[in-house]
Amino acid sequence: TALNTYLKTNYPIEFFLSLLRLSKYEPDTNSTVKEIVNELRSFKLPLRPPHLLISDLDFSIKDNSILFGLQHIKGISDKTIEKLAAFKSEYKTKFDVFLAANQLKIDRRIMNALIFSGSMDDQIGKGNRFRIYLEYILWNFLKDKEKQYAIDLAEKNNYDLMEIVKKLNSEVKNEKGKP
């Protein structure tokens, strides 16, 4: 329609933001979002990935670009959103993130969605997301005392949990002299 053309031409970022926000009411939300994202590219408008600390629940405008909303991450349900509100804090290391996730009872599926969406890159480091997710799973196998050892050895080992666990098994001994 003429109104759509006018809005798209004169207010493109607001126009596409509205389309993205309305996409949740479409039968196939994912393909609708993909179509809108393709059109965004033709307008050279950036769609920034989700960010745990600055993303709103829905799509929003930040710094003249559209920021992906947390509720649109696949695997994040409405029930999860409440937990994420408490999870929205600055963390210094990925071990802090792992501890907080355990304390807030954020389960593995949610952490998987957050890590692989890139929404936690600032907290856990930009790197191999698959490896970080594996470290998160490994973290959950550690006992509390082992986690404390890992935290103590973290800085010396670049927060590489797999290396730390190797050192725990070979170098660190308990009171009985066992690894």
Side-chain angles (χ1 to χ4, degrees), residues 1-140:
T1 67
L3 179 60
N4 281 350
T5 305
Y6 174 80
L7 292 173
K8 191 187 288 190
T9 305
N10 294 297
Y11 303 98
I13 200 161
E14 292 84 358
F15 177 79
F16 286 111
L17 175 66
S18 297
L19 289 179
L20 286 166
R21 284 185 172 175
L22 291 171
S23 68
K24 64 185 162 202
Y25 302 110
E26 294 294 324
D28 187 2
T29 302
N30 290 339
S31 47
T32 303
V33 169
K34 284 179 186 176
E35 287 177 32
I36 297 167
V37 168
N38 287 335
E39 199 163 348
L40 272 171
R41 287 186 189 123
S42 68
F43 275 75
K44 294 183 174 50
L45 291 172
L47 175 64
R48 293 173 35 207
H51 190 288
L52 184 63
L53 300 180
I54 60 175
S55 284
D56 294 333
L57 296 179
D58 210 344
F59 292 97
S60 59
I61 297 174
K62 303 274 191 230
D63 301 325
N64 209 27
S65 61
I66 297 176
L67 184 62
F68 211 88
L70 293 175
Q71 71 184 13
H72 294 279
I73 299 172
K74 187 175 181 175
I76 303 295
S77 68
D78 291 339
K79 292 177 186 176
T80 304
I81 296 298
E82 294 170 19
K83 289 182 182 180
L84 291 183
F87 200 52
K88 281 186 155 197
S89 291
E90 290 282 347
Y91 299 103
K92 292 183 173 116
T93 70
K94 64 183 164 189
F95 293 171
D96 293 338
V97 172
F98 296 166
L99 280 170
N102 292 149
Q103 290 168 350
L104 294 169
K105 297 188 179 2
I106 294 176
D107 72 26
R108 202 175 69 220
R109 292 183 325 274
I110 297 166
M111 286 298 289
N112 178 33
L114 291 171
I115 290 169
F116 282 102
S117 72
S119 66
M120 298 177 68
D121 284 354
D122 288 350
Q123 286 82 11
I124 57 176
K126 293 178 180 161
N128 185 329
R129 292 177 186 156
F130 183 74
R131 182 179 174 93
I132 291 169
Y133 181 64
L134 287 176
E135 286 182 306
Y136 174 70
I137 292 171
L138 177 59
W139 178 264
N140 288 311

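It should be emphasised that the depicted structure is a prediction, and the values quoted were computed from it without experimental measurement.
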With the side chain counted from C-beta on, respond yes when Met111 and Ile137 share a heavy-atom pair under 4.5 Å apart, and no when they do not.
-> no
Just how far is it from atom NZ of Lys8 to atom CZ of Phe15, taken to the nearest 0.5 Å?
-> 5.0 Å
Considering all heavy atoms, the nearest Pro49-Leu67 contact | O-CD1, 3.2 Å
Side-chain contact, heavy-atom cut-off 4.5 Å: Leu114 with Ile76?
-> yes
CD-OG1 distance between Gln71 and Thr80, expressed to the nearest 0.5 angstrom = 11.5 Å
Exam field: side chain Asp96 to backbone Thr93, donor-acceptor pair closer than 3.5 Å | yes
Could you label the plane-to-plane angle of the Phe95 and Phe98 rings as parallel, tilted or perpendicular, counting under 30° as parallel and over 60° as perpendicular?
-> tilted
Quick one: are Asp58 and His72 in side-chain contact, heavy atoms under 4.5 Å?
-> yes
Under 4.5 Å between any side-chain heavy atoms of Leu7 and Glu14, yes or no?
-> no
Got a second to check how far Leu17's CG is from Leu20's CG, nearest 0.5 Å?
-> 7.0 Å
Between the side chains of Arg109 and Asn112, does any donor sit under 3.5 Å from an acceptor?
-> no
Assign the ring pair Phe130 / Phe116 to parallel, tilted or perpendicular, where the plane angle (0 to 90°) is split at 30° and 60°.
-> tilted
When rounded to the nearest 0.5 angstrom, what is the spacing between CD1 in Ile115 and CG in Leu52?
-> 11.0 Å
Below 4.5 Å, heavy atoms only, C-beta onward: do Asn102 and Tyr136 meet side chain to side chain?
-> yes
Which pair of heavy atoms, one from Ser23 and one from Thr29, lies closest together, and at what distance?
-> O-OG1, 3.3 Å
Where do Val97 and Met120 come nearest, in terms of heavy atoms and distance?
-> CG1-CE, 2.9 Å
Without swapping roles, check the side chain of Arg48 against the backbone of Lys62 for a donor-acceptor pair under 3.5 Å.
-> yes
Mind checking whether Leu47 and Phe16 have side chains closer than 4.5 Å, heavy atoms only?
-> no
Does atom CZ of Phe43 have more than 12 heavy-atom neighbours from other groups under 6.0 Å away?
-> yes
Got a second to check how far Ile66's CD1 is from Leu19's CG, nearest 0.5 Å?
-> 9.0 Å
Mind checking the CG-CZ spacing from Leu138 to Arg131? Nearest 0.5 Å is all I need.
-> 10.0 Å
Determine whether more than 12 heavy atoms belonging to other residues, nucleotides or ligands lie under 6.0 Å from atom NZ of Lys34.
-> no
Assess whether side chain to side chain contact (heavy atoms under 4.5 Å, CB included) is satisfied between Trp139 and Leu99, documenting all intermediate values.
-> CA-CA 9 Å; Trp139 178 264; Leu99 280 170; 3.7 Å; yes
Hey, are the side chains of Ile13 and Asn64 touching, using non-hydrogen atoms and a 4.5 Å cut-off?
-> yes
